[in-house]
2 protein chains.
Amino acid sequence: MEKQTITIYDVAREASVSMATVSRVVNGNPNVRPDTREKVLKVIEKLDYRPNAVARGLASHRTTTVGVLIPDITNIFYASLARGINDVATMYKYNIILASADEGKHKTDAVLQSIMAKQVDGLIYMGQHVDDSTRKELDRGKTPVVLAGTVDPQDKFGSVNIDYVAAIKEATSRLIASGNQRIAFVTGPLSDPINGQFRLKGYQEALSDAKIAYDESYVFETEYSYRAGEAVWDAVKRAGVTAAVVTDDELAVGFLNGARDAKVKIPEDFEIITSNNTMLTEIVRPKLTSIAQPLYDIGAVAMRLLTKMMNKEEIDQKTILLPHSIITRNSTK
Amino acid sequence: MEKQTITIYDVAREASVSMATVSRVVNGNPNVRPDTREKVLKVIEKLDYRPNAVARGLASHRTTTVGVLIPDITNIFYASLARGINDVATMYKYNIILASADEGKHKTDAVLQSIMAKQVDGLIYMGQHVDDSTRKELDRGKTPVVLAGTVDPQDKFGSVNIDYVAAIKEATSRLIASGNQRIAFVTGPLSDPINGQFRLKGYQEALSDAKIAYDESYVFETEYSYRAGEAVWDAVKRAGVTAAVVTDDELAVGFLNGARDAKVKIPEDFEIITSNNTMLTEIVRPKLTSIAQPLYDIGAVAMRLLTKMMNKEEIDQKTILLPHSIITRNSTK
DNA sequence: ATGAAAGCGCTAACAA
DNA sequence: TTGTTAGCGCTTTCAT
């Protein structure tokens, strides 16, 4: 005998009420007499009835599901944001459809389409540049979108960030103050505005304030990975700089180890400041001085903002800037 | 004017065919004349029709969505598995509903229920002990379940693992061979069978083979985290052991740094072998000798196995053991 | 090869 | 407060 799925209709019949009443009870609608509610609840328990969220989604046009696009789930920076997102989503009874948006631009749109097809109520977008085709895809519905730890120069979506210009400027100024004149900017893809526009600008402003000429050959563009950091060390060293601002912790850690394996003393001979203050900064020796971003909070606040948008609540500001600071550890003097 | 959603009915009308035919075209059903197919495809493109996956799910009883339970997304071990899961899922056109199963047992069942309510076609379960209430929840449907990097002593579900007994036994034997007689077993929760039954057994077998008495006071149970590792160092040192087998990399890295900050020379004065061979083992200095598990593959193979189960294909073996090895680095002599 | 029609399990007017 | 009745957008027999 096959296990039969219990539907709302079975409950209604067994409790001698209409489907509508059962639906009301299940959804906590107050327009139900306490005793009928009790009666229905009893039958629900007896039959072990479980509402079918798919049917509910089709009928109500709400799936209580949000899409989350993440560039690389193994990068602890994004994973930390995801944790904040997840916790708030759970708190508000949303499920998360997670999708990786790496593997080059080609697949991102396909992935995005598959998520939208699932009728998510909202979307959180992390990392990477929101390019034109993606933007178009996002625009076609009225699905609310929030960027987390990611900037959109066109300022079209909700977003939660720190002030990347100011943060990198402070970090760079710090290195200048401790006597460095030639400072490298070791960064992820400049095609992403967070690097190519915001962070780079902060770096340049700090130099400018100190009357140091901007030298493009001190900018090293690579990817967010440990290996990339190890690999780029040689070139940076050869450029003759004495310090570096790095935009990702995995990158910075690889860079640091590249330096140490080359017998360079950190911070005596070379100073490093990184950007994300993840656990990695405390794991390595020397520990890395870092810009501190409230990682978990960025995710959490982004998800909270999204819930408001999904409820069509009034939003006072759709771009939220969280505070940052610089945590001094042992990779700077 | 509101944006109107295009349905299969709109396409049917515009193409002068029935909904059934459009459905056939969309689903690649071969029973459609090439020219009608062309005609329909043209209209689909013109109208920019997007099938509604929720309606499809309700009608077909398949959602092309799988649930993934992960204990801690910021733990790089689980994140690595998730990456493999994600890639294969994408390959087979499944979306992933991700849920964290941390925060204590209480919430795990609630999270599981919310996922099942979404009518996922299958489930991947990582970490933690599958306890009775969870097992019951999993049993009620016919939803296929695969454990990834997680063991089930009752052997009821599909699962993809390495041979944890053998792996820990080898690691322990290695430490014995290099002259250690008193070896600590630093582990996550023993309530989880992967530790309390499998790994512990491997540890004990190695001792037994070497005629070393098992001493319970050399077993240190804590949690999978960097801080926990730092914290446990003192107690381990005080126990007078000269080496340790650690069951998680974050834990091991904290432990290593605890030792180094206490000026203990690794590996000269103390040897360490860890279990997961994640990036962390290469980031720290000295680099950690580790059991190597094919992390990405465990996730990928688990997802692949799940696709087979969801298609009701014949499964030759529902428990898959992937090969392991030991990578020697600098935390052992 | 194509179409007609009956659901899938639920919500949401609208009535009563 | 409760019930009736249309759908939601699609798949899937079953005819033709």
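Scope of the values below: all heavy atoms of this structure, side chains included, with no hydrogens, waters or symmetry mates. Computed from a predicted structure; not experimentally measured. Chain naming here is simple, since letters A, B, ... match the order of the sequence lines and numbering starts at 1 in each.
Using a 4.0 Å heavy-atom cutoff across all strands shown, Thr7(A) reaches sugar-phosphate atoms only and no base atom. Across all strands shown, Val17(A) has heavy atoms under 4.0 Å from sugar-phosphate atoms exclusively, and none from any base.
Remark: C1' of dG3(C) and CZ of Arg13(B) are 17 Å apart, rounded to the nearest angstrom. In this structure, the NE2 atom of His61(A) is 9 Å from the C1' atom of dG9(D), given to the nearest Å. Computed from coordinates, the Leu58(A) CG to dT11(D) P distance equals 12 Å when rounded to whole Å. Between the C1' atom of dC8(D) and the CE atom of Met19(A) lies a distance of 13 Å, rounded to the nearest Å. Counting to the nearest Å, the C1' atom of dA15(C) and the CG atom of Asn31(A) are 15 Å from each other. When the P atom of dA1(C) is taken as reference, atom CG of Asn29(B) falls 9 Å away, rounded to whole Å. Rounded to an integer number of Å, the gap from NZ of Lys118(B) to C1' of dC8(C) is 18 Å. Across the protein-nucleic acid pair, Gln119(B) atom CD and dC8(C) atom P stand 14 Å apart, rounded to whole Å.
At the phosphate of dG7(D), neither OP1 nor OP2 sits under 4.0 Å from any side-chain N or O atom of Tyr9(B). Not one side-chain nitrogen or oxygen of Thr21(A) sits closer than 4.0 Å to the OP1 or OP2 atom of dT2(D). OP1 or OP2 of dG3(C) sits under 4.0 Å from a side-chain N or O of Ser18(B). Thr5(A) has a side-chain polar atom (N or O) that falls below the 4.0 Å cut-off from OP1 or OP2 of dG9(C). Between Arg33(A) and dT1(D) there is no side-chain polar atom (N or O) within less than 4.0 angstrom of OP1 or OP2. Within the structure, every side-chain polar atom (N or O) of Asn52(A) is placed at least 4.0 Å from both OP1 and OP2 of dC10(C). Put simply, Ser60(A) has no side-chain N or O that comes within less than 4.0 Å of OP1 or OP2 on dC8(D).
Across dT2(C), dG9(C), dG9(D), the shortest atom-to-atom separation from the side chain of Val32(B) is found for dT2(C). Closest approach to the Tyr49(B) side chain among dC10(D), dC10(C), dG3(C) is made by dC10(D) (side chain taken as heavy atoms from C-beta onward).
Neither side chain, Asp87(A) nor Thr90(A), offers a donor N or O lying under 3.5 Å from an acceptor on the other. Side chains of Asp109(A) and Thr134(A): a donor-acceptor N/O pair is present below 3.5 angstrom, by distance only.
For dG3(D), its base sits under 3.5 Å from the side chain of Arg24(A) at one donor and acceptor pair at least.
The number of heavy-atom neighbours closer than 6.0 Å to CD of Glu313(A), taken from other residues, nucleotides and ligands shown, is above 12. Counting heavy atoms of neighbouring residues, nucleotides and ligands inside a 6.0 Å radius, atom CD of Gln317(B) exceeds 12 of them.
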Verdict with supporting geometry, Met310(A) and Tyr92(A), side-chain contact (heavy atoms from CB on, under 4.5 Å)
CA-CA 11 Å; Met310(A) 292 186 295; Tyr92(A) 285 87; over 6 Å; no
Test Arg140(A) against Asp48(B) for side-chain contact (heavy atoms from CB on, under 4.5 Å), laying out the working first.
CA-CA 10 Å; Arg140(A) 67 192 306 283; Asp48(B) 194 19; 2.7 Å; yes
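Of the two residues contacting DNA chain C, namely Thr36(B) and Pro51(A), the nearest-nucleotide position lying further toward the 5' end is that of Thr36(B).
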